[in-house]
Every structure is written in structure tokens, then in C-alpha cells.
Q: 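For reference, the structure I am asking about is given below.
Since we're looking at a predicted model, the values are computed, not measured. Here is how names work: the chains are called A, B, and so on, in the same order as the sequence lines, proteins then strands, and each is numbered from 1.
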Amino acid sequence: MTKKKIGQILATLESLYGQEQCGLDFNSPFELLIATILSAQCTDVRVNIVTRDLFKDYNTPETILKLGEEGLLAKIKTCGLAKTKAKNIVLTCHRLLTEYNGIVPDQMDELITLPGVGRKTANVVMSNAFDIPAIAVDTHVFRVSRRIGLAAGKTVLEVEKELMKSIPKDKWSQAHHWLIWHGRKCCTARNPNCGGCMLHSLCVFGSQNFKEA
DNA sequence: AACTCGGGGCA
DNA sequence: TGCCCAGAGTT
């Protein structure tokens, strides 16, 4: 894929989703870790509403543990999968205190062992809390990137590497959110709106009778 | 790779 | 109501 075409795709996505509210609010690696765990199957907008209240008094492993699983559940219950998340967050706080001196680790293989933290959450923390280059590939980023030809790789890891190679570094964060928005609003998994898609002329998927790319 | 979990958003 | 997930964990 040429640089010009990538530029056209990014410009189109920006014109479509540049104004959308996106991204998690956080003031520390720990806050981002908790917010990202909460964001599973839940929009950033909703997570931000919850954490704005939660982090006022509970923004460290110690204070979260003082709040307790029940207290935490009451505060995050609108995020979906709340019982599981509350349990995992409490377990993660325990492990941060006992194994990491209360500090969020900056290594992928360590982050991913924390309860409630998978490769997507770990990737988000790595790329946003620490200055470590990464693009978090979730289901939307994965699907949209492959369909429009931004990343021709087949596995999540390959798509991630391809995106990092082809997208200018200063656009990584924005491109990530734009791809997610496009995946939700237009390039959906089951019934993509290819007819109304602004990327149709640039896309290989739309001309292939919607066969999974 | 396929399945489960499980609450909110949306038509 | 019914269907779908801005995932993770388990088999």
C-alpha cells in the first residue's frame, strides 16, 4: 500500500471521526490500568463518567483495596461485566502491592499476568502510560485494518506490526480511535455499510462481495 | 479455535 | 424484546 493511499485513508477517517470524543481520562499509569480494565465491552465515554468519580478518592492500589470489592462494584456497575471486573481489579491491586511495590509494571509479559489484563489492555497501558511504541489492536481495529488494506497481515500481531510500520507515529493514537469508530458505525462485522462508506473507493473488501478479508 | 461470562446500548 | 459487543479467561 502506497503512502499516498494511507494518507488518503487517514485523512478521510479524520474528517469522519476527528470530532468524536474518544480516549480514556487518566492522571497516572495506575488510573489508566484500571480505566482500561473497565473499558472491556464498554465505551470510553462511559468509563470516563465512572472513573471521574472513582478516582477522586480511589486512585491507588491501597485506596482501592480499602474501598473493597463490594464498594468498588457499586461504583463501576454501569460498565458491564462489573462483578468480574471488580474482582479482577481487587486481585490486581493485591498483586501490584505484593509483587511490584505498588507500581504498575512497564513490561508486556508482566502486565499480561495481572487479573483482568489481556493483551489489548496491556497494549493500551504500554502505549499510553509509558513511552513505548504500540498500537492496541482490538476486534474493530483488526477487522477494519484488514478490510481496507491498511494491514494485510493475518494475525493480530502481524496487523499490529503492519499498522505501526505504515502509519506515521504521531498519528498512532488518533488512527487507533478512528479505526474503532469506523468499525462501530460503518465497517461492522456482520452487515457493513459499504454503500455508505467514505472509504469505499479505497477499499478492497467492498468490491469482494463482503467476503471476510 | 471455540466457548463462556454477563450488563449496557440500541433498533 | 432481541441482538450485538471499545475482552478476558478457560478448555
Q: Looking at the side chain of A:K120, which of B:dG7, C:dG7, B:dG6 is the nearest nucleotide?
A: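 So the nucleotide nearest the side chain must be C:dG7.
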Q: Roughly how many Å is it from CG in A:N48 to C1' in B:dG8, rounded to a whole number?
A: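 Interatomic distance, CG of A:N48 to C1' of B:dG8: 16 Å.
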Q: Within the 4.0 Å heavy-atom criterion, would you say A:T43 contacts the bases, only the backbone, or no part of the nucleic acid?
A: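 A:T43: base contact, heavy atoms under 4.0 Å.
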Q: For residues A:H182 and A:Y17, establish whether the separation of their ring centroids is below 6.0 Å.
A: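 For A:H182 and A:Y17, the ring centres are under 6.0 Å apart.
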Q: Measure the distance from CG on A:L81 to C1' on B:dG6 and round it to the nearest whole Å.
A: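 That distance rounds to 5 Å.
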Q: Check the distance between C:dA8's C1' and A:L91's CG and give it to me in whole angstrom.
A: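 Atom-to-atom, A:L91 to C:dA8, this comes out as 14 Å.
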Q: Counting the atoms with a prime plus P, OP1 and OP2 as sugar-phosphate, which does A:V47 contact under 4.0 Å by heavy atoms, base, sugar-phosphate, or nothing?
A: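 Result for A:V47 = nothing.
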Q: Looking at every heavy atom in both A:C79 and A:L38, which two are closest together, and how far apart are they?
A: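 Shortest heavy-atom separation between A:C79 and A:L38 comes out as CB-O, 4.1 Å.
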Q: Let me know the distance between CG of A:L38 and P of C:dA8, rounded to the nearest Å.
A: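 The distance from CG of A:L38 to P of C:dA8 comes to 12 Å, rounded to the nearest Å.
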Q: Regarding A:R119 and A:E160, does a basic nitrogen lie under 4.0 Å from an acidic carboxylate oxygen?
A: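 Salt bridge present between A:R119 and A:E160.
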Q: Going by atom types only, do A:T113 and A:R95 share a side-chain donor-acceptor pair under 3.5 Å?
A: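 Yes - a donor-acceptor pair under 3.5 Å links their side chains.
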Q: For A:R184 and for A:Q41, locate the closest nucleotide of DNA chain B by heavy-atom distance; then report the residue assigned to the nucleotide nearer the 5' terminus.
A: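 In this pair, the answer is A:Q41.
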Q: Please list residues of residues 168-178 of chain A whose heavy atoms come under 4.0 Å from any atom in DNA chain C, ordered by number; otherwise none.
A: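 Going residue by residue through residues 168-178 of chain A, none turns out to have a heavy atom under 4.0 Å of DNA chain C.
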Q: Assigning hydrophobic clusters by single linkage (Ile, Leu, Val, Met, Phe, Trp, Tyr; side-chain heavy-atom cutoff under 4.5 Å), is A:I135 placed with A:V156?
A: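 Yes: a chain of side-chain contacts under 4.5 Å links A:I135 to A:V156.
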Q: Between CD of A:Q8 and OG of A:S201, what distance do you get to the nearest 0.5 Å?
A: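 It comes to 7.5 Å.
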Q: I need the CG-P distance between A:L111 and C:dA8, as an integer number of Å.
A: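 Rounding to the nearest Å, CG of A:L111 and P of C:dA8 are 12 Å apart.
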Q: Rounded to whole angstrom units, what separation is found between the CG atom of A:N123 and the P atom of C:dG7?
A: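 Value for this atom pair: 13 Å.
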Q: Is the phosphate of C:dA8, meaning OP1 or OP2, less than 4.0 Å from a side-chain N or O of A:T121?
A: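 Yes.
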Q: Atom CD1 of A:I37 to atom P of C:dA8: distance rounded to whole Å?
A: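 Rounded to the whole Å, the gap is 9 Å.
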Q: How close or far is atom C1' of C:dC5 from atom CH2 of A:W181, stated in whole angstroms?
A: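 Atom-to-atom, A:W181 to C:dC5, this comes out as 14 Å.
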Q: Applying a 4.0 Å non-hydrogen cut-off, can you work out what A:T188 is touching in the nucleic acid: base, sugar-phosphate, or nothing?
A: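 A:T188: no heavy atom of the nucleic acid under 4.0 Å.
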Q: Could you walk me through whether A:T12 and A:S15 pass the side chain to side chain donor-acceptor pair (under 3.5 Å) check?
A: CA-CA 5 Å; A:T12 304; A:S15 70; 5.5 Å; no
